[in-house]
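These numbers come from the heavy atoms of this one structure, side chains and all, not from hydrogens, waters or symmetry mates. In what follows, chains are A, B, ... by sequence order, proteins preceding strands, each numbered from 1.
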There are 2 protein chains.
Amino acid sequence: MSQHDTAKNDDFDLQDFLPYLLNRAAEESSLEFQQVYKNRYGMLRTEWRVLFHLGNYGKLTAKEIGTRARIHKTKISRAVHRLETRRYLKRSRSEADRRVEELTLTPAGQAAYRDLCSIAAQYDAKLAGLFSAEETDLLRKMLRRLGHIG
Amino acid sequence: MSQHDTAKNDDFDLQDFLPYLLNRAAEESSLEFQQVYKNRYGMLRTEWRVLFHLGNYGKLTAKEIGTRARIHKTKISRAVHRLETRRYLKRSRSEADRRVEELTLTPAGQAAYRDLCSIAAQYDAKLAGLFSAEETDLLRKMLRRLGHIG
DNA sequence: GGATAATAGTTGATTTTGTAACTAACAAGC
DNA sequence: GCTTGTTAGTTACAAAATCAACTATTATCC
């Protein structure tokens, strides 16, 4: 059996494998926006996500952010620490349950959030512009389903 | 301005941000299949991708794999080393250009490739089954475009 | 109320990745 | 044929992700 016959195994092609396509599209689409929060605010992706959740939902605990965004608690813990060091958020022990920390953005954090949001919105529009409005709507719907969101 | 008003900034929601949706869907959809190549063959994602490309296209150089799959050469280098150590592939210096290494799968590598391919195909069918055939086709088309493939 | 289990979050050790500098081989210009 | 530049691939060091063990607090249950 030649190498080339092996290549024709099944009727399956990596180029069509959904997890592969999803990963490629995710990497590619994240790259450009990543430059913004990285260069402008020195943030990592997890930090941007934590910032976003706090900006979007207001006061949250680390646990809640982790559950909503499916981020592991150690990543959250380190992201919160860095965001706190850079004065983008502050934490305070909950009175009700002293294990819990309530996280909120500082004014600087809110400003960064607003700035990044507006850039994200622009960037999203640019990506969405590759397709018709109906197609983009369907894409988001399918991605939410695949990502178990909503 | 209250925390909650901040949340209503713009008409933009992270839940709809395409890079976020793409990343969530990519992570979620990769998880299950990842268990297979990880637990059954002790492979990392890059190794599975390298194996796949060699199985699918036959003899390739590290450079070619990197170009096709958009993987950085250091990642390829390490993946090739590990796959070689585990006897899934062998390399030989090109006669024509002695900088280049020609990579091919060993029989064990081909067996792993076939096994993983058939599981991948099944898994892909399962994901595709969430939607209609037309929807899935459109999804793949859009993802290829977003990932700059094809 | 005291032992046991569960939960929120942190820390440390190990693995994996990313960046930059490196070696070796080839190519081009003169 | 010898400098200069380019390309394939590796390696070293720093940054980040992962996993397991840890502290502190609360909940359960006898």
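Heavy-atom contacts of chain A under 4.0 Å fall on DNA chain D between two terminal nucleotides, which in 5' to 3' order are dA16(D) to dT26(D). You can see that DNA chain C meets the heavy atoms of chain B within a 4.0 Å-exclusive cut from dT16(C) to dC26(C), reading 5' to 3'.
The backbone N or O of S29(B) lies less than 3.5 Å from a partner atom in the side chain of Y123(B), making a donor-acceptor pair. Judged purely by atom type and a 3.5 angstrom limit, E135(B) uses its side chain to pair as donor or acceptor with the backbone of S132(B). At distances below 3.5 Å, not a single donor-acceptor pair connects side-chain atoms of T104(A) with backbone N or O atoms of K59(A). Of the possible donor and acceptor atoms, none in the side chain of R144(B) sits under 3.5 Å from a partner among the backbone N and O of L21(A).
The residues R91(B) and E84(B) are annotated as salt-bridged, a charged nitrogen and a carboxylate oxygen being separated by less than 4.0 angstrom. The existence of a salt bridge linking K126(A) and E32(A) is confirmed by a sub-4.0 Å separation between a basic side-chain nitrogen and an acidic carboxylate oxygen.
Geometrically, R68(A) engages Y57(A) in a cation-pi contact defined by less than 6.0 Å to the ring centre and at most 45° from the axis.
Ring pair F17(A)/F52(B): centre-to-centre distance not below 6.0 Å. Checked against the 6.0 Å centroid threshold, F33(A) and W48(A) count as a close aromatic pair.
Mapped onto DNA chain D by nearest heavy atom, H81(B) and R82(A) fall at different nucleotides, with H81(B) at the one closer to the 5' end. For R78(A) and E95(A), each mapped to the nucleotide of DNA chain D holding its nearest heavy atom, the one lying further toward the 5' end belongs to R78(A).
Among the protein residues, T74(B) comes within range of the nucleic acid bases, having at least one heavy atom under 4.0 Å from a base atom.
Near DNA chain C, defined here as any heavy-atom distance below 4.0 Å, the residues from residues 32-52 of chain B are L44(B), listed numerically.
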Would K141(A) and D16(B) satisfy salt bridge (Lys or Arg N to Asp or Glu O under 4.0 Å), going step by step from the backbone distance to the final call?
CA-CA 9 Å; K141(A) 217 185 73 189; D16(B) 289 332; over 6 Å; no
